Amino acid sequence: MADGRHYWLMKSEPEVFSIDDLARSPKGTTSWDGVRNYQARNFMRAMKVGDQVLFYHSNANPPAVAGVAEVVKTAYPDATQFDKRDTHYDPASNPDEPRWDMVDIRFIRKFVAPLSLDLLRAQAGLKGMELLRKGSRLSVQPVRAAEWNEVIRLAEVQADS
DNA sequence: GCCAACGTTGGC
DNA sequence: GCCAACGTTGGC
């Protein structure tokens, strides 16, 4: 992108942490801890401050893009990997060279109506989107600019109806 | 380096 | 709760 801003999608189970939880967080900001997948981690490491994020509700009814957030802090070590009592504890991670990172994201907006997976699948312009690929499980994934624009357009169409 | 076993994700 | 589609682990 000319302005250097990139687009991403991050998944969260709303029962665990929803977009409303994000909105209610201090300064609308949270650290995205718990990612334990290398591909997802690498995408977080590529994030820049100001990058835009689609906040996706997985394991929801219906699964849907719920709104928008933005990156406010680039990747830094995820403390939960060293916490024995945390479910994301990783005994194999070396404190001198932490294996897992997180970023901070801030709430931007919640869509008037969440954009369901079904709705997204029905869009010709979103054919190649990683989220819609069969068997896709990546919890942090890149979004192409054209896909981003299409999703935002859909959100506006929903808001007007 | 192969691959079977196992664990996880996430839609349905 | 089921199960497809992964990713990881560890024996060999």
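Since we're looking at a predicted model, the values are computed, not measured. Below, chains carry the letters A, B, ... as their sequence lines are ordered, and counting in each starts from 1.
- The hydrophobic cluster around Val157(A) extends to none of the other residues, as no ILVMFWY side-chain heavy atom falls under 4.5 Å of it.
- Residue Leu154(A) is tested with Val65(A), Leu126(A), Asn149(A) for a side-chain contact (heavy atoms from CB on, under 4.5 Å); the sole match is Leu126(A).
- Think of Met102(A) as one node in a network of Ile, Leu, Val, Met, Phe, Trp and Tyr side chains linked at under 4.5 Å; its network also takes in Tyr76(A).
- Of the two residues near DNA chain C, Asn59(A) and Ser136(A), the one whose nearest nucleotide lies more 5' is Asn59(A).
- Using modelled atom types, one finds a donor on one side chain and an acceptor on the other under 3.5 Å when comparing Thr80(A) with Arg36(A).
- dT9(B) atom P lies 17 Å from atom CZ of Arg133(A), rounded to whole Å.
- The nearest whole Å value for the distance from the CD atom in Glu13(A) to the C1' atom in dC12(B) is 15 Å.
- In this model, the phosphate group of dG10(B) is approached by a side-chain N or O of Lys11(A) to a distance below 4.0 Å at OP1 or OP2.
- Nearest-nucleotide positions on DNA chain C for Lys134(A) and Arg99(A) put Lys134(A) closer to the 5' end.
- Put simply, CD on Gln141(A) is 15 Å from P on dT9(B), counting in whole angstrom units.
- In this structure, the CG atom of Leu132(A) is 10 Å from the P atom of dC12(B), given to the nearest Å.
- When distances run from any side-chain atom of Tyr56(A) to the nucleotides dG11(B), dG10(B), dC12(B), the shortest one goes to dG11(B).
- Taking atom CG of Leu138(A) as the reference point, atom C1' of dT9(B) lies 11 Å away to the nearest angstrom.
- Aromatic ring centres of Tyr89(A) and Trp100(A) lie farther apart than the 6.0 Å criterion allows.
- Per the geometry, CG belonging to Leu117(A) stands 6 Å off P belonging to dG11(B), to the nearest Å.
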Original post:
Base, backbone or nothing for each nucleotide of nucleotides 1-8 of chain B, written B, S, -, heavy atoms under 4.0 angstrom, 5' to 3'?
Top reply: ------BB
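- Linking Ile, Leu, Val, Met, Phe, Trp and Tyr whenever their side-chain heavy atoms come within less than 4.5 Å leaves Val72(A) and Val103(A) in two separate clusters.
- For an aromatic pair to be called close, the ring centres must be under 6.0 Å apart, and Phe43(A) with Trp32(A) fails this.
- The nearest whole Å value for the distance from the CG atom in Leu131(A) to the C1' atom in dT9(B) is 13 Å.
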